[in-house]
Amino acid sequence: MSTQENLQFCIELQNRMNETVNPAWRNAGYHWERAAMLEAAELFDHIGWKWWRKQEIDREQCLLELVDIFHFTISQDLVEGSADPVGYMNQYKHADKKTKRDQDKEYIFERLTHFIELCSAYGEVSAQALFDVVVALDFTLEDIVKWDIGKNVLNQFRQANGYKQGMYVKNWATPEERAQG
């Protein structure tokens with residue numbers, strides 16, 4: 001499948017996920033920007049913002065947080081009627097590529113802070129600002145799409161297994177397996 005087709009699939013999966021959680025989700029008045037801001041705050045930790053200690057970028061965790069943010073971006077865009085695979089491709093194409101990418105944490109933090117400011121000040125979950133962070137961390141649109149699909153499947157599984165009711169078992173290992181680490 002092409003990137004455009006995969007992005008369309010991501011949009012459809014997110015719509016289905018939101019309908020699973022609440023069939024009337026489009027009119028529920030959810031604050032997608034608030035959810036995206038909190039995921040972005042978690043992203044700071046995975047990049048390693050503490051200047052007083054050595055911290056390496058945890059790329060896998062960064063990618064998972066970016067995907068969670070993308071879920072909220074798509075959700076807001078679906079509510080506004082602007083979820084569009086071609087639009088996402090163009091926004092990614094025009095992402096800020098002025099840095100050496102993934103080598104300048106301060107630049108990544110500036111892009112991430114800008115994303116949070118748009119959420120906080122304007123209630124906007126900006127795909128363009130998100131893709132600026134994606135590029136600064138040296139991920140591709142294909143990375144986001146691939147992990148988005150996987151995370152959406154996991155989220156559907158969680159919902160089908162009691163997540164909303166607080167009954168979901170996150171660790172499926174036996175007590176013996178958990179004890180072994």
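Looking at V79 and N27, their side chains never come closer than 4.5 Å, going by heavy atoms from C-beta outward. The closest side-chain heavy-atom distance from T113 to E110 is not below 4.5 Å.
L13 and I74 end up in the same hydrophobic cluster when Ile, Leu, Val, Met, Phe, Trp and Tyr side chains are linked at under 4.5 Å. A chain of hydrophobic side-chain contacts below 4.5 Å, direct or via other Ile, Leu, Val, Met, Phe, Trp or Tyr residues, connects I116 to V135. Residue V145 is grouped with residue F72 when hydrophobic side chains (ILVMFWY) are merged at heavy-atom distances under 4.5 angstrom, including chains of intermediate members. If you chain together hydrophobic residues whose side chains sit under 4.5 Å apart, M1 and L141 never meet in one group.
Annotation: the span from L66 atom CG to K151 atom NZ amounts to 11.5 Å, rounded to 0.5 Å. Distance OG/S126 to NE2/H114: 6.0 Å, rounded to 0.5 Å. A distance of 10.0 Å separates CD in E39 from CG in L64, rounded to the nearest 0.5 Å. Between atom CD of residue E5 and atom OG1 of residue T3 there is a gap of 9.5 Å, rounded to the nearest 0.5 Å. Atom CZ of residue F70 and atom CD of residue Q14 lie 9.0 Å apart, to the nearest 0.5 angstrom. Interatomic distance, I11 CD1 to N152 CG, rounded to the nearest 0.5 Å: 11.5 Å.
In this structure D148 satisfies the salt bridge (Lys or Arg N to Asp or Glu O under 4.0 Å) test with no other residue, sequence neighbours excluded. Listed by chain and number, the residues in a ring pair (Phe, Tyr, Trp, His ring centres under 6.0 Å) with W52 are W49 (sequence neighbours excluded). Under the rule for a salt bridge (Lys or Arg N to Asp or Glu O under 4.0 Å), the partners of E56 that lie at least two apart in sequence or sit in another chain are K54. A28 meets the side-chain contact (heavy atoms from CB on, under 4.5 Å) test with N22, Y30; sequence neighbours excluded. Under the ring pair (Phe, Tyr, Trp, His ring centres under 6.0 Å) criterion, W25 pairs with W32, sequence neighbours left out.
Ring planes of F131 and Y92: perpendicular class, angle over 60° (limits at 30 and 60°).
If you chain together ILVMFWY residues whose side-chain heavy atoms come under 4.5 Å of each other, L38 ends up in a group of its own.
Of all non-hydrogen atoms in G48 and F109, the two that sit nearest each other are O-CZ, 3.6 Å. Residues S120 and M37 share a closest heavy-atom pair of CB-SD, 3.6 Å. Here the closest heavy-atom approach between residue A83 and residue Y88 is recorded as CA-OH, 3.7 Å. Nearest heavy-atom pair, F139 versus C62, reported as atom, atom and distance to 0.1 Å: CE1-CB, 4.2 Å. Minimum heavy-atom separation, Q76 to G123: OE1-O, 3.5 Å.
Distance alone, capped at 3.5 Å, is enough to place a donor-acceptor pair between the K105 side chain and the I47 backbone. Of the possible donor and acceptor atoms, none in the side chain of E42 sits under 3.5 Å from a partner among the backbone N and O of E65. Using a distance-only test at 3.5 Å, with no hydrogens or angles considered, a donor-acceptor pair links the side chain of R59 to the main chain of L137. The backbone N or O of Q91 sits less than 3.5 Å from a side-chain atom of Q128, completing a donor-acceptor pair.
The closest side-chain donor-acceptor pair between T140 and D143 falls under 3.5 angstrom.
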**Prompt:** Does the side-chain contact (heavy atoms from CB on, under 4.5 Å) test come out yes or no for Q4 and L7, once each step is laid out?
**Reply:** CA-CA 5 Å; Q4 181 176 339; L7 279 165; 5.8 Å; no
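A side-chain contact (heavy atoms from CB on, under 4.5 Å) with F115 holds for exactly one of D132, L43, I69; it is I69.
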